[in-house]
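FYI, side chains are in, hydrogens and waters are out, and symmetry mates aren't considered; it's all heavy atoms of this structure.
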Amino acid sequence: PLNSVEYVQMKAEDTILMDTLCQGDANAFFKLMQAGQHQRNICGLSSFYFTLDVLGQSQGQTIAYNRCPADQANTSFVSVCGLVLE
């Protein structure tokens, strides 16, 4: 369960993750994951890394972000976002 402070912290951590992905640097993303910045499950971690590695140095932009309840009691959330990498 998340209280209001933890809900705000979730957004801050998600922003760090999205900003790192938008840097387009696979190594920076990998280092962020190794540092344990995200205590939650990062769905698609290997896909994110692979995409950044294949693209090489690129830049991105977040075009959408939201957090959705994953259960009826609002004790679990899923963060979703849309990124464009060029």
What I'd like to find out is whether the side chain of Leu52 reaches to under 4.5 Å of the side chain of Phe30, using heavy atoms alone.
no
Would a 4.5 Å heavy-atom cut-off, applied to side chains only, mark Leu55 and Asp53 as touching?
no
Compile the donor-acceptor pairs under 3.5 Å between side chains in residues 17-29 and protein atoms, sequence neighbours left out, one pair per line.
residue: Thr20; atom: OG1; partner: Ile16; partner atom: O; Å: 2.8
residue: Asp25; atom: OD1; partner: Asn27; partner atom: N; Å: 3.0
residue: Asp25; atom: OD1; partner: Ala28; partner atom: N; Å: 3.2

Is Tyr65 close to Asp14 at the side-chain level, that is, under 4.5 Å between some pair of heavy atoms?
yes
Would you say that Leu45 contacts Cys43 through its side chain, given a criterion of any heavy-atom pair below 4.5 Å between the two side chains?
no
Measure the CD-CD distance between Gln57 and Gln59 for me, rounded to the nearest 0.5 Å.
6.5 Å
Heavy-atom pair of closest approach, residues Phe77 and Met10
CB-CE, 3.7 Å
Side chains of Met33 and Ile42 in contact at under 4.5 Å (non-hydrogen atoms)
yes
Verify the neighbour count for atom OH of Tyr7: are there more than 12 heavy atoms of other residues, nucleotides or ligands below 6.0 Å?
yes
Between Arg67 and Ser79, what is the shortest heavy-atom contact and its length?
CG-OG, 3.6 Å
